[in-house]
**Q** 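Pasting a structure below so you can have a look.
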Amino acid sequence: MPSTHDILVTGAAGFLGSHLCDRLLERGHRVVGLDNLCSGTRDNLAHLQAHPRFRFVEQNVTAPCTLQVDRIYNLACPASPPHYQQDPVGTTLTSVLGTWRMLELARRCGARLLQASTSEIYGDPAVHPQREDYHGDVNTVGPRACYDEGKRCAETLCFDYLRQHGVAVRVARIFNTYGPRMLPDDGRVVSNFIVQALHGQDITLYGDGRQTRCFCFVDDTVDGLLRLMESDSTGPVNLGNPHEITMRVLAAEVLALTGSSAQLVFRPLPQDDPRRRCPDIALAQRVLGWSPQVPLAQGLRRTIDDFARRLASPRTPDEAALPLASASPRPQAGQEAARGGPASW
Ligand code: NAD
Ligand code: UDP
């Protein structure tokens, strides 16, 4: 029987974090989800409301945290460009101060910390596909820098905590991930195209639509995160699906799978939008025995079904109510934590 852990997931109410909580609970762990709900939603965790091994703390990752845990998955950070550019100073601080706060927690608890880094640290890459030893090409003063540079600094902090304080860190460079529970209005390309297709609205291609990305289904990404956390490798390790496509091809796939007759329209390319992106996953294959299993058409089908269901019956805020530090066999978090103050058991 594999050992179980007390695990903190920051960014738990987000797209990736909520799937990660599900998988950790399935494996028998006790999980605290921490989130300030800035780009996540209680809906994503509503099904865990009565779970005896889960509780939720509404708090900023940059605030003091006195939880006692032995694993920390640090996912807190808005990930969609419109979200992270809404409060760019807050985005940088979330990555830098939030990761510092979590590393300090890891140091105090003797916990292992996995940092959710990103392919964005490669910027608009001059090397293709991107291997972990490529150092990237990021515009430090552009509108994406708050995200890219925040994540780069977070990686630096992780490796300095490893060298200076011996904290066990794991760094995952996650490439574009998609799947059920993405927000319909979060502005990322997969959610935009699916919502537009289902509503029969114009499909918005930015630029000429020939820029490329690689899309990894959420189950595969979460599997990679779980493997990395329990591996001996610190990383950084790329986690992504190497199947590279243009946004035009993605639009065609979504139109075919939804049976929609929506029209393509072209909109200006956002500043600093990377032209090509594709992970080299040889390292993940070698050290984690990991490679993506879900083909794009299958993952899109599951994502489209989820969007169709949610768009047909939107939940009310009351339906999505989550218990704050309730239904748990552990000591309860104080009211202060529930309101956003320091979290403790
Ligand atoms: P998301 O926006 O759905 O989830 C992020 C969550 O973090 C949200 O619930 C948000 O409310 C929370 N959050 C943000 N700032 C916070 C703060 N200061 N304090 C507490 N909570 C905060 O995004 P996602 O797609 O689930 O991404 C999760 C993580 O994975 C992020 O760190 C992101 O950078 C990384 N990542 C994601 C992708 C992807 O394609 N989804 C790719 C690369 C990296
Ligand atoms: N994109 C697009 N139409 C949209 C949203 C995005 O063509 O409605 C493009 C965007 O310009 C980028 C790609 O799709 O080239 C991926 O965008 P996303 O925001 O999903 O991820 P990121 O740019 O962070 O990889």
Side-chain angles (χ1 to χ4, degrees), residues 9-20 33-42 44-45 57-63 65 73-85 87 90-95 97-99 101-102 114-122 124 144 147-148 150-151 154 172-179 181-183 186-196 202-216 218 221-222 225 238-240 245-248 250-251 264-277 279 340 343:
V9 176
T10 77
F15 159 56
L16 264 175
S18 62
H19 285 278
L20 177 61
L34 181 151
D35 204 296
N36 70 353
L37 302 175
C38 77
S39 62
T41 160
R42 290 172 189 277
N44 285 340
L45 296 172
V57 176
E58 185 177 340
Q59 178 174 308
N60 198 309
V61 70
T62 61
C65 182
Y73 287 87
N74 188 32
L75 274 62
C77 186
S80 121
H83 281 164
Y84 69 64
Q85 290 171 20
D87 175 14
T91 298
T92 301
L93 294 179
T94 290
S95 277
L97 291 184
T99 305
R101 188 69 80 184
M102 289 302 118
L114 183 146
Q115 171 64 14
S117 190
T118 168
S119 54
E120 289 283 330
I121 68 105
Y122 299 122
D124 191 6
R144 294 175 84 99
Y147 184 72
D148 303 5
K151 290 286 189 178
R173 289 188 182 150
I174 304 168
F175 284 62
N176 297 63
T177 296
Y178 71 100
R181 298 189 196 150
M182 293 183 88
L183 290 180
D186 87 351
R188 287 183 266 196
V189 68
V190 173
S191 41
N192 273 9
F193 285 3
I194 291 176
V195 171
Q196 289 161 348
D202 292 343
I203 306 284
T204 52
L205 279 163
Y206 298 165
D208 62 8
R210 295 188 198 281
Q211 68 274 35
T212 69
R213 295 291 187 275
C214 297
F215 296 99
C216 193
V218 62
T221 302
V222 168
L225 296 175
N238 288 340
L239 294 178
I245 56 168
T246 65
M247 296 311 98
R248 283 178 185 239
L250 177 68
L264 302 184
V265 294
F266 292 87
R267 298 280 180 257
L269 189 68
Q271 187 187 332
D272 295 335
D273 199 277
R275 285 159 298 171
R276 294 188 75 182
R277 182 185 291 155

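Numbering of ligands and ligand atoms starts at 1, following listing order. Predicted, not measured: the structure shown is a model, and the values here were computed from it. No hydrogens, no waters, no symmetry mates; every other heavy atom, side chains included, goes into these values.
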**Q** Rounded to the nearest 0.5 Å, what's the gap from CG on N60 to CG on D35? Could you check?
**A** 9.5 Å
**Q** What's the separation between atom CG in D148 and atom OG1 in T91, rounded to the nearest 0.5 Å?
**A** 11.0 Å
**Q** Does the pair D186/R181 count as a salt bridge with the N-to-O cut at 4.0 Å?
**A**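 Salt bridge between D186 and R181, a charged N being under 4.0 Å from a carboxylate O: no.
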**Q** Heavy atoms, side chains only, cut-off 4.5 Å: are D273 and R144 in contact?
**A**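 Side-chain contact under 4.5 Å: yes.
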**Q** Ring-plane angle category for Y178 and F215, please: parallel below 30°, perpendicular beyond 60°, tilted otherwise.
**A** perpendicular
**Q** Strictly under 4.0 angstrom, heavy-atom based: which residues surround ligand 1?
**A** G11, A13, G14, F15, L16, D35, N36, L37, C38, S39, G40, Q59, N60, V61, L75, A76, C77, P78, A79, T94, A116, S117, T118, Y147, K151, I174, F175, N176, T177, R188
**Q** Supply the atom-to-atom distance T204 OG1 to F266 CZ, rounded to the nearest 0.5 angstrom.
**A**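 Those atoms lie 10.5 Å apart.
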**Q** Roughly how far, to the nearest 0.5 Å, is CG of L34 from CD of Q59?
**A** 5.0 Å
**Q** CZ of R213 to OG of S119: how many Å apart, nearest 0.5 Å?
**A**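 Output value for this atom pair is 8.0 Å.
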**Q** Can you list every protein residue that has a heavy atom under 4.0 Å from any atom of ligand 2, sorted by chain and residue number?
**A** P81, E120, R144, N176, G187, R188, V189, N192, F193, T204, L205, Y206, Q211, R213, M247, P270, D273, R277
**Q** Would you compute the distance between atom CG of L37 and atom CZ of R42 and round it to the nearest 0.5 angstrom?
**A**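 Output value for this atom pair is 5.0 Å.
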